[in-house]
Amino acid sequence: DIESIFIGSDVFYNFMIINNLMGWYDQKYKDESELWQDFPRLEEEFLNAEMPQEVIKSLRNVLSDFNGAPYIVRSSSKLEDSFTHPFNSMYRSISLANQGTPEENLKALLDAIRKIYASTFNPNALTYRKKNGLVDYTEEMAILIQKVPGRNSGPYFFPDISGIGSSASPYKWRYDSPKDEGFLRFVV
């Protein structure tokens with residue numbers, strides 16, 4: 001039983017190339033107001049772009065293996081996993097119920113991947129990259145699809161446990177708390 005699947009960053013580059021989207025890489029050099037002005041069009045172009053057929057075939061198999069279980073589609077990139085400049089919540093993560101027809105579920109999954117790919121050029125992320133001297137760094141976006149463990153309770157599905165953790169905290173709990181203490185947040 002598959003619990004998670006990883007789509008490598010090479011698929012992101014192929015997606016960009018086959019859909020003539022490489023011009024969007026210049027976004028990182030624009031000022032913030034231009035980024036916000038262009039982003040709706042950028043996101044629309046990504047949502048209308050074609051996914052490679054071999055990826056679609058593999059994703060059909062993943063959905064079949066998930067057997068109607070909900071899952072989350074998450075971004076996974078080099079910058080996002082950096083020790084020096086954490087990108088927590090800069091890129092999208094999308095939860096999907098996986099309760100439609102096989103074609104509806106596939107379309108929802110493909111759209112989620114496209115939205116995450118587009119979020120690579122999100123104005124907040126690009127502005128953060130500029131601020132931290134990472135504007136010329138080529139972001140390598142991959143996708144992680146994870147089945148959500150949990151149980152049904154009537155018409156609802158509840159995960160057994162949920163939460164986030166980080167080795168560096170964006171919050172200061174006390175005036176003397178060091179930023180590198182990190183934090184964990186769980187919901188049971």
Side-chain angles (χ1 to χ4, degrees), residues 1-29 35 38-82 85-126 128-129 134-150 157 159 162 164:
D1 207 23
I2 293 179
E3 297 297 319
S4 61
I5 183 170
F6 189 83
I7 300 173
S9 60
D10 60 320
V11 175
F12 174 63
Y13 286 116
N14 289 342
F15 174 84
M16 297 280 294
I17 290 167
I18 65 174
N19 290 290
N20 297 315
L21 298 169
M22 295 300 282
W24 288 113
Y25 270 110
D26 291 339
Q27 284 297 100
K28 60 188 176 183
Y29 299 114
L35 294 175
D38 291 348
F39 192 66
R41 192 181 79 205
L42 179 151
E43 196 168 42
E44 183 179 333
E45 285 186 26
F46 274 71
L47 279 171
N48 291 322
E50 294 295 320
M51 196 65 69
Q53 287 302 311
E54 64 273 9
V55 173
I56 293 172
K57 182 180 178 185
S58 294
L59 292 174
R60 281 184 200 281
N61 292 334
V62 169
L63 288 174
S64 176
D65 287 345
F66 280 2
N67 196 27
Y71 59 92
I72 186 165
V73 186
R74 303 190 60 204
S75 60
S76 179
S77 73
K78 280 191 172 182
L79 286 176
E80 201 171 18
D81 297 333
S82 167
H85 296 94
F87 269 61
N88 295 356
S89 303
M90 287 286 175
Y91 304 128
R92 293 193 65 177
S93 291
I94 300 169
S95 297
L96 296 169
N98 199 22
Q99 299 299 301
T101 66
E103 286 308 309
E104 290 169 338
N105 292 339
L106 178 63
K107 181 184 181 325
L109 175 54
L110 294 172
D111 285 349
I113 293 168
R114 291 179 185 112
K115 287 176 183 176
I116 292 169
Y117 283 169
S119 75
T120 306
F121 303 98
N122 178 307
N124 289 329
L126 294 178
Y128 181 80
R129 287 175 60 186
L134 301 168
V135 73
D136 288 322
Y137 185 92
T138 302
E139 181 63 293
E140 297 181 22
M141 183 58 72
I143 301 289
L144 179 61
I145 304 168
Q146 296 175 298
K147 187 176 175 181
V148 177
F157 180 87
S162 179
I164 61 169

Trainee: Would you find a donor on one side and an acceptor on the other, under 3.5 Å apart, between the side chain of S119 and the backbone of R92?
Mentor: yes

Trainee: If the plane angle is over 60° it's perpendicular, under 30° parallel, otherwise tilted; pick one for F66 and Y71.
Mentor: tilted

Trainee: Could you check whether E139 and T120, counting side-chain N and O atoms only, form a donor-acceptor pair closer than 3.5 Å?
Mentor: no

Trainee: Please report the shortest heavy-atom distance between L21 and A49, naming the atom on each side.
Mentor: CD1-CB, 4.2 Å

Trainee: Determine whether the aromatic ring centres of residues F15 and Y117 are separated by less than 6.0 angstrom.
Mentor: yes

Trainee: Rounded to the nearest 0.5 Å, what separation is found between the CG atom of L106 and the OG atom of S64?
Mentor: 12.0 Å

Trainee: One pair to check against side chain to side chain contact (heavy atoms under 4.5 Å, CB included): L144 and Q146. What are the steps and the verdict?
Mentor: CA-CA 6 Å; L144 179 61; Q146 296 175 298; 3.6 Å; yes

Trainee: If you count heavy atoms of other groups shown closer than 6.0 angstrom to CZ of R74, is the number above 12?
Mentor: no

Trainee: Between R60 and E103, is there a side-chain N and carboxylate O pair less than 4.0 Å apart?
Mentor: yes

Trainee: Could you measure the distance from the CD atom of E43 to the CG atom of N48? Nearest 0.5 Å is fine.
Mentor: 11.0 Å

Trainee: Which heavy-atom pair separates A108 from L96 by the least distance, and what is that distance?
Mentor: O-CD1, 3.7 Å

Trainee: Pairing donors with acceptors under 3.5 angstrom, does anything connect the side chains of D136 and Y29?
Mentor: yes

Trainee: Using 0.5 Å steps for rounding, measure from the CD1 atom of I116 to the OG atom of S93.
Mentor: 6.0 Å

Trainee: When rounded to the nearest 0.5 angstrom, what is the spacing between CZ in F39 and CD in Q27?
Mentor: 9.5 Å

Trainee: N98 pairs by side chain to side chain contact (heavy atoms under 4.5 Å, CB included) with which of L109, L63, V148, N67?
Mentor: L63

Trainee: Working note: L79 + L134, criterion side chain to side chain contact (heavy atoms under 4.5 Å, CB included); need CA distance, chi angles, decisive distance, verdict.
Mentor: CA-CA 9 Å; L79 286 176; L134 301 168; 3.9 Å; yes

Trainee: Do M16 and F46 come close enough that some side-chain heavy atom pair is under 4.5 Å?
Mentor: yes

Trainee: Is any side-chain heavy atom of K28 closer than 4.5 Å to a side-chain heavy atom of R129?
Mentor: yes

Trainee: Under 4.5 Å between any side-chain heavy atoms of M90 and N122, yes or no?
Mentor: no

Trainee: Looking at CD1 of I7 and OG of S76, how far apart are the two atoms once the value is rounded to the nearest 0.5 Å?
Mentor: 11.0 Å

Trainee: Let me see the working for I145 and L59 under side chain to side chain contact (heavy atoms under 4.5 Å, CB included), right down to the final yes or no.
Mentor: CA-CA 10 Å; I145 304 168; L59 292 174; 3.8 Å; yes

Trainee: To the nearest 0.5 angstrom, please state how far the CD1 atom of I143 sits from the OG atom of S77.
Mentor: 10.0 Å

Trainee: Carefully, step by step, assess R41 and E45 under the rule salt bridge (charged side-chain N to carboxylate O under 4.0 Å, His left out).
Mentor: CA-CA 6 Å; R41 192 181 79 205; E45 285 186 26; 3.7 Å; yes

Trainee: At their closest point, which heavy atom of G8 faces which heavy atom of A142, and how far apart are they?
Mentor: C-CB, 4.0 Å

Trainee: Could you go step by step and tell me if E140 and F12 meet the side chain to side chain contact (heavy atoms under 4.5 Å, CB included) rule?
Mentor: CA-CA 8 Å; E140 297 181 22; F12 174 63; over 6 Å; no

Trainee: Report the C-alpha distance between K115 and D111 in whole Å, list the side-chain angles of each, state the deciding distance to 0.1 Å, and finish with yes or no for salt bridge (charged side-chain N to carboxylate O under 4.0 Å, His left out).
Mentor: CA-CA 6 Å; K115 287 176 183 176; D111 285 349; 6.0 Å; no

